[in-house]
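What follows is a short report on a single structure.
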2 protein chains.
Amino acid sequence: MTRPEPAEAASRRPTRQRSALLAVLSDTDGFRSAQELHALLRARGDGVGLATVYRTLQALTDQGQVDVVRNADGEATYRRCSTAHHHHLMCRSCGRTVELADSPVERWAARVADQHGFADVQHQLEVFGTCAACAAAREPQR
Amino acid sequence: MTRPEPAEAASRRPTRQRSALLAVLSDTDGFRSAQELHALLRARGDGVGLATVYRTLQALTDQGQVDVVRNADGEATYRRCSTAHHHHLMCRSCGRTVELADSPVERWAARVADQHGFADVQHQLEVFGTCAACAAAREPQR
DNA sequence: AACGTTCATGAGAATCATTCTCGCACAGTT
DNA sequence: AACTGTGCGAGAATGATTCTCATGAACGTT
């Protein structure tokens with residue numbers, strides 16, 4: 001109680017579990033759910049507890065080292081990402097993702113928020129579509 | 001068997017439960033979770049089963065009569081809305097929402113999707129902030 | 001290198017939203 | 001009124017995420 005606050009949850013201890021998780025994230029292309037990542041780690045032999053996966057993912061998210069996107073089911077999916085702010089164009093069929101920078105949304109969001117008296121603005125934008133490959137694979141069937 | 005399909009799951013039977021739910025949605029300003037709506041109904045005396053709330057909400061969503069937005073916790077929240085495509089500016093503190101039309105996102109999303117060979121594009125955009133009232137209420141404390 | 005403090009880990013329990021199951025009730029029809 | 005199909009609701013089931021707490025690893029100090 002009398003102890004002063006631990007400043008910030010800034011730098012945490014480096015552990016095997018954390019680097020294993022980062023490794024899987026780096027080797028992975030699309031967004032993966034915590035459950036999937038947990039399974040992948042186990043498959044690799046780098047077993048990591050599920051709770052730790054969630055904890056670490058959350059920490060990495062707070063640090064901006066990974067992006068979180070909720071899929072249609074509301075499940076959180078994660079991906080290692082460049083730290084700069086950006087959005088994603090995701091194929092709804094194969095999950096392939098393209099990072100999109102420089103959207104006009106940033107400025108627009110700031111402007112309308114200001115117009116309505118809102119401060120401290122954030123936004124969340126995802127674009128979904130069917131990529132060329134998946135579209136081609138589906139076309140013949142119709 | 002020989003009877004032609006019921007066209008679409010368009011109009012279902014009108015029931016007390018459904019109109020009660022629509023009534024609550026109409027009387028409500030912000031987005032509400034299914035659980036909240038269920039509680040509100042119960043408080044009104046128009047008790048409706050939880051399962052029914054979910055079922056009906058889903059049907060209304062499919063018909064485009066309500067909007068669904070997932071909050072930061074991944075919980076689905078619902079609101080009766082105009083059917084035209086639009087986005088929301090939501091206060092992260094009190095939940096107050098403003099509908100935003102005419103964003104530049106539509107065109108931009110279509111363009112970048114095209115550039116990357118993606119077809120059949122959709123997007124999902126929410127803007128969060130702190131509204132003037134909530135900002136004012138918080139200021140003094142610091 | 002050994003020690004003690006502190007923080008991360010992990011197994012399993014607990015939570016919580018959402019969906020499923022299935023018997024019952026009711027609307028519309030004959 | 002009897003029939004038939006559809007909606008309802010209580011509670012169980014599911015599944016992701018979080019919590020608990022005892023154990024173990026990492027770090028700073030001797």
Side-chain angles (χ1 to χ4, degrees), chain A residues 1-24 31-63 65-66 68-78, chain B residues 1-24 31-63 65-66 68-78:
Chain A
M1 294 292 177
T2 48
R3 187 191 312 170
E5 293 224 349
E8 277 273 87
S11 64
R12 317 212 126 207
R13 281 184 189 161
T15 65
R16 175 186 72 77
Q17 290 80 350
R18 169 155 325 183
S19 56
L21 183 54
L22 282 171
V24 175
F31 281 83
R32 290 291 152 80
S33 71
Q35 305 278 346
E36 285 176 322
L37 291 168
H38 176 243
L40 285 172
L41 283 166
R42 176 162 291 189
R44 280 192 171 203
D46 290 331
V48 171
L50 186 55
T52 303
V53 172
Y54 277 101
R55 250 189 311 241
T56 307
L57 243 20
Q58 189 129 40
L60 291 173
T61 300
D62 290 345
Q63 295 171 31
Q65 291 193 49
V66 304
V68 197
V69 170
R70 292 203 176 260
N71 64 21
D73 295 336
E75 220 178 335
T77 57
Y78 305 83
Chain B
M1 294 288 178
T2 48
R3 186 187 314 168
E5 293 224 349
E8 279 271 89
S11 64
R12 315 210 128 210
R13 278 188 194 160
T15 64
R16 176 187 71 77
Q17 289 78 352
R18 168 155 326 182
S19 56
L21 183 54
L22 281 171
V24 175
F31 280 83
R32 290 290 152 80
S33 71
Q35 305 278 347
E36 285 175 322
L37 291 168
H38 177 243
L40 285 172
L41 283 166
R42 176 162 290 189
R44 280 192 171 203
D46 291 330
V48 171
L50 185 55
T52 303
V53 172
Y54 277 101
R55 248 190 311 243
T56 307
L57 242 19
Q58 189 130 41
L60 292 173
T61 300
D62 290 345
Q63 294 170 32
Q65 291 193 50
V66 304
V68 197
V69 170
R70 291 200 178 264
N71 64 22
D73 295 336
E75 222 177 334
T77 57
Y78 306 82

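A note on names: the letters A, B, ... follow the listed sequences, proteins ahead of strands, and every chain is numbered from 1.
- Looking at residues two or more places apart in sequence or on another chain, you find no side-chain hydrogen bond (donor to acceptor under 3.5 Å, both in side chains) involving A/Q17.
- Under the side chain to side chain contact (heavy atoms under 4.5 Å, CB included) criterion, B/L50 pairs with B/Q35, B/H38, B/Y54, not counting sequence neighbours.
- Following rounding to the nearest Å, B/L21 (CG) and D/dG7 (P) show an atom-to-atom distance of 15 Å.
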Polar atom pairs (N or O), protein with nucleotides 14-16 of chain D, under 3.5 Å:
none

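- Within the model, atoms CG of B/D46 and CG of B/L40 stand 11.0 Å from one another, a figure rounded to the nearest 0.5 Å.
- Taking atom CZ on B/R70 and atom P on C/dC16, their separation rounds to 18 Å, with Å as the unit.
- Atom CG in A/D73 sits about 15 Å away from atom C1' in D/dT17, given to the nearest Å.
- The overall bend of the helix from C/dA1-D/dT30 to C/dT30-D/dA1, read as the angle between its terminal helix axes built from five base pairs each, is 20° when rounded to 10 degrees.
- Pairing each heavy atom of A/G47 with each of A/R16, the nearest pair is O-NH2, 3.2 Å.
- Residues A/L41 and A/V53 have side chains in contact (heavy-atom distance under 4.5 Å, counting atoms from C-beta outward).
- A/R42 pairs by the side-chain hydrogen bond (donor to acceptor under 3.5 Å, both in side chains) definition with nothing, not counting sequence neighbours.
- Computed from coordinates, the B/L57 CG to D/dG7 P distance equals 16 Å when rounded to whole Å.
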Would you list the protein and nucleotides 9-13 of chain C atom pairs, both N or O, that sit under 3.5 Å from each other?
residue	atom	partner	partner atom	Å
C/dT9	OP1	A/T15	OG1	2.9
C/dT9	O3'	A/Q17	NE2	2.9
C/dG10	OP1	A/Q17	NE2	3.0
C/dG10	OP2	A/G49	N	3.0
C/dG10	OP2	A/T52	OG1	2.8
C/dG10	N7	A/R55	NH2	2.7
C/dG10	O6	A/R55	NH1	3.4

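- In this view, B/R44 and B/D27 satisfy the salt bridge (charged side-chain N to carboxylate O under 4.0 Å, His left out) rule, not counting sequence neighbours.
- Under the side-chain contact (heavy atoms from CB on, under 4.5 Å) rule, B/V68 has a single partner from B/L60, B/T77, B/T61, which is B/T61.
- Atoms CG (B/N71) and P (C/dA17) sit 10 Å apart, rounded to a whole Å.
- Qualifying side chain to side chain contact (heavy atoms under 4.5 Å, CB included) partners for A/R55, counting only residues two or more places apart in sequence or in other chains: A/A51, A/T52.
- The side chain to side chain contact (heavy atoms under 4.5 Å, CB included) test applied to B/Q58 returns B/D62, not counting sequence neighbours.
- Checked against ring pair (Phe, Tyr, Trp, His ring centres under 6.0 Å), A/Y78 has no partners two or more places apart in sequence or in another chain.
- Separating the CG atom of A/L60 from the C1' atom of C/dA8 is a distance of 14 Å, rounded to the nearest angstrom.
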